[in-house]
Protein chains: 2
Amino acid sequence: MSDGTGDSGLTVKDRHAAMHAALRQRICLLDYPPGMQLSEITLANEFGTSRTPMRRVLARLEEEGLVQSVHGVGTIVTDANFTELEQAYRLRVELTALTGLLDPVMPDTTFLARLKNLIDRAGQMAVSGTPKSFTQLDMDVFQALLELTENEPLRHVLERLYYQTKRLWLVRAIKAELDLEEEYRIFLHELEAIHIALQSADLAAVAQIQRAHISMSFNRLLQHRD
Amino acid sequence: MSDGTGDSGLTVKDRHAAMHAALRQRICLLDYPPGMQLSEITLANEFGTSRTPMRRVLARLEEEGLVQSVHGVGTIVTDANFTELEQAYRLRVELTALTGLLDPVMPDTTFLARLKNLIDRAGQMAVSGTPKSFTQLDMDVFQALLELTENEPLRHVLERLYYQTKRLWLVRAIKAELDLEEEYRIFLHELEAIHIALQSADLAAVAQIQRAHISMSFNRLLQHRD
DNA sequence: TGCTGCCGAGTTGTGTACATCTTACGTGAA
DNA sequence: TTCACGTAAGATGTACACAACTCGGCAGCA
């Protein structure tokens with residue numbers, strides 16, 4: 001095969017990336033709650049591979065601070081601890097503002113349609129929203145808005161910080177420590193504001209709106225710190 | 001053994017970190033020049049281990065953009081390409097400024113003595129400095145100044161960006177495309193300015209001085225872009 | 001009853017043989 | 001001479017057996 005792809009059209013790195021994304025999703029949606037012990041061999045069997053590639057994926061998740069492996073003990077999902085993640089959260093606030101300064105890129109009409117779709121989904125949240133489905137929507141919005149900058153290192157760091165800190169919200173939302181209706185309403189308002197700013201082609205404004213909302217969300221979480 | 005350390009008092013992760021730091025050093029000092037092919041088994045033998053741990057270290061270096069592994073071909077040291085690293089360089093400029101805002105920490109007298117020592121070494125550069133020894137000094141200075149913030153995620157990202165972009169300077173310095181005497185003089189002046197700012201306990205000023213010099217260094221490199 | 005020490009189950013870390021892939025080289029035919 | 005093709009060498013990727021390590025439980029003793 002001349003294009004270097006495997007049987008299903010996927011290269012080796014694509015399979016690794018798929019496993020990594022799947023596990024990250026499960027951890028951040030609390031399917032794998034903090035403290036849960038993961039089994040290398042069980043996960044390897046589930047993904048139809050052996051321990052060796054799975055260990056590489058888990059090592060990357062450990063670098064990203066989502067799991068922790070200890071010799072002889074196991075691979076444990078890290079605790080979504082507020083005090084340890086406060087620094088990451090504040091860095092995320094500042095880096096979000098930079099998306100409007102470093103290599104901003106004006107999206108095409110396809111993007112605007114995607115955003116409009118996301119806004120509709122956000123409108124549905126007030127009716128039939130669960131903390132988990134809301135987090136899933138928030139992830140989709142994040143991935144979309146990340147495309148507003150072409151600075152690849154910045155996108156990489158922001159993605160890492162996002163998935164590091166996102167569990168803090170979901171943990172407290174499930175424990176009913178947050179006013180969910182207010183959270184949904186604020187989020188919808190943020191998306192509408194971003195939509196307006198995009199129609200003005202003001203990407204710096206989009207970044208500032210995001211920065212403001214991440215900062216405010218941080219402060220709301222701060223009222224329930226552990 | 002109750003403390004969990006090995007024979008030489010080093011844990012497993014310490015050995016991995018040591019191998020990673022050694023290889024990173026060799027790459028960034030151009031002992032392993034861009035395009036050079038690394039052999040997993042040769043490196044494993046040199047460090048007295050097998051391919052499995054060495055592959056984990058190389059995978060991390062690949063994440064950091066210093067090498068690239070291709071199935072069936074080899075593990076190649078990446079090219080220090082200006083156009084690809086320009087985004088990383090500009091992000092580094094902005095993040096350096098943040099060290100003065102996010103969790104700055106005033107150093108003790110021991111730190112000031114270390115800095116004074118580094119300034120002395122910088123003074124020697126004008127007399128007997130090579131591009132490589134200058135880069136080594138620059139690395140030591142970078143590691144020292146990184147301690148001026150306690151924000152661990154910020155330190156982590158800055159370290160990554162530093163080692164990603166540092167080779168750009170050394171490559172051009174060796175090709176004699178830079179005025180080395182001027183580079184040494186500017187660097188010494190930067191360190192003296194930082195020393196003064198530290199005596200005023202103005203960490204924001206220290207960050208701005210660094211930011212300015214990284215930005216100016218970027219512009220000097222820009223005159224010789226490939 | 002409580003404490004101590006040993007043992008075994010289970011986990012991650014390591015070593016190694018094998019699979020898969022790319023590339024260079026040599027060979028033969030046009 | 002030149003081009004096409006097969007083949008072998010050598011690289012990374014994978015699978016698996018074994019080593020190193022932690023921890024809970026249980027037996028034995030004071």
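Just so it is clear, the values below take in all heavy atoms, side chains as well, and ignore hydrogens, waters and symmetry mates.
A donor-acceptor pair shorter than 3.5 Å can be found between the side chains of A/Thr165 and A/Arg92. Side-chain contact check for A/Arg121 and A/Ser133: no donor-acceptor pair (N or O, by modelled atom type) lies under 3.5 Å.
Between B/Arg15 and C/dT14 there is a side-chain N or O to OP1 or OP2 distance below 4.0 Å. Residue B/His16 places no side-chain N or O under 4.0 Å from the OP1 or OP2 atom of C/dT12. Phosphate contact (OP1/OP2 of D/dA15, side-chain N/O of A/Arg51, threshold under 4.0 Å): absent. Between B/Thr49 and C/dT14 there is no side-chain N or O to OP1 or OP2 distance below 4.0 Å. For the pair B/Thr75 and D/dT12, the criterion of a side-chain N or O lying under 4.0 Å from OP1 or OP2 is met.
Per the geometry, CG belonging to B/Leu43 stands 12 Å off P belonging to D/dA11, to the nearest Å. Residue B/Gln37 contributes atom CD, which lies 13 Å from atom C1' of D/dA9 at whole-angstrom precision. Distance CZ (A/Arg56) to P (D/dA15): 14 Å, rounded to an integer number of Å. Taking atom CZ of residue B/Arg55 and atom P of nucleotide D/dG13, one finds them 4 Å apart after rounding to whole Å. When the C1' atom of D/dG13 is taken as reference, atom CG of B/Leu58 falls 13 Å away, rounded to whole Å.
Residue-to-nucleotide proximity on DNA chain C shows that, of A/Val70 and A/Thr52, the 5′-proximal contact is made by A/Val70. Looking at which nucleotide of DNA chain D each of A/Lys13 and A/Val73 is closest to, the 5′-most match is held by A/Lys13.
Using a 30° and 60° split on the angle between ring planes, A/Phe218 and A/Tyr89 fall in the tilted class, from 30° to 60°.
At least one side-chain heavy atom of B/Phe111 sits less than 4.5 Å from a side-chain heavy atom of B/Leu148.
The listed nucleotides are D/dA20, D/dC23, C/dT14; the one nearest the side chain of A/His71 is D/dA20. Comparing C/dT14, C/dG13, D/dG13 by their nearest atom to the side chain of B/Pro53 picks out C/dT14.
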One pair to check against side-chain contact (heavy atoms from CB on, under 4.5 Å): B/Leu30 and B/Arg167. What are the steps and the verdict? CA-CA 8 Å; B/Leu30 301 188; B/Arg167 282 185 299 166; 4.0 Å; yes
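Residue B/Leu38 is in sugar-phosphate contact alone, with no base atom involved, counting any heavy-atom pair closer than 4.0 Å across all strands shown.
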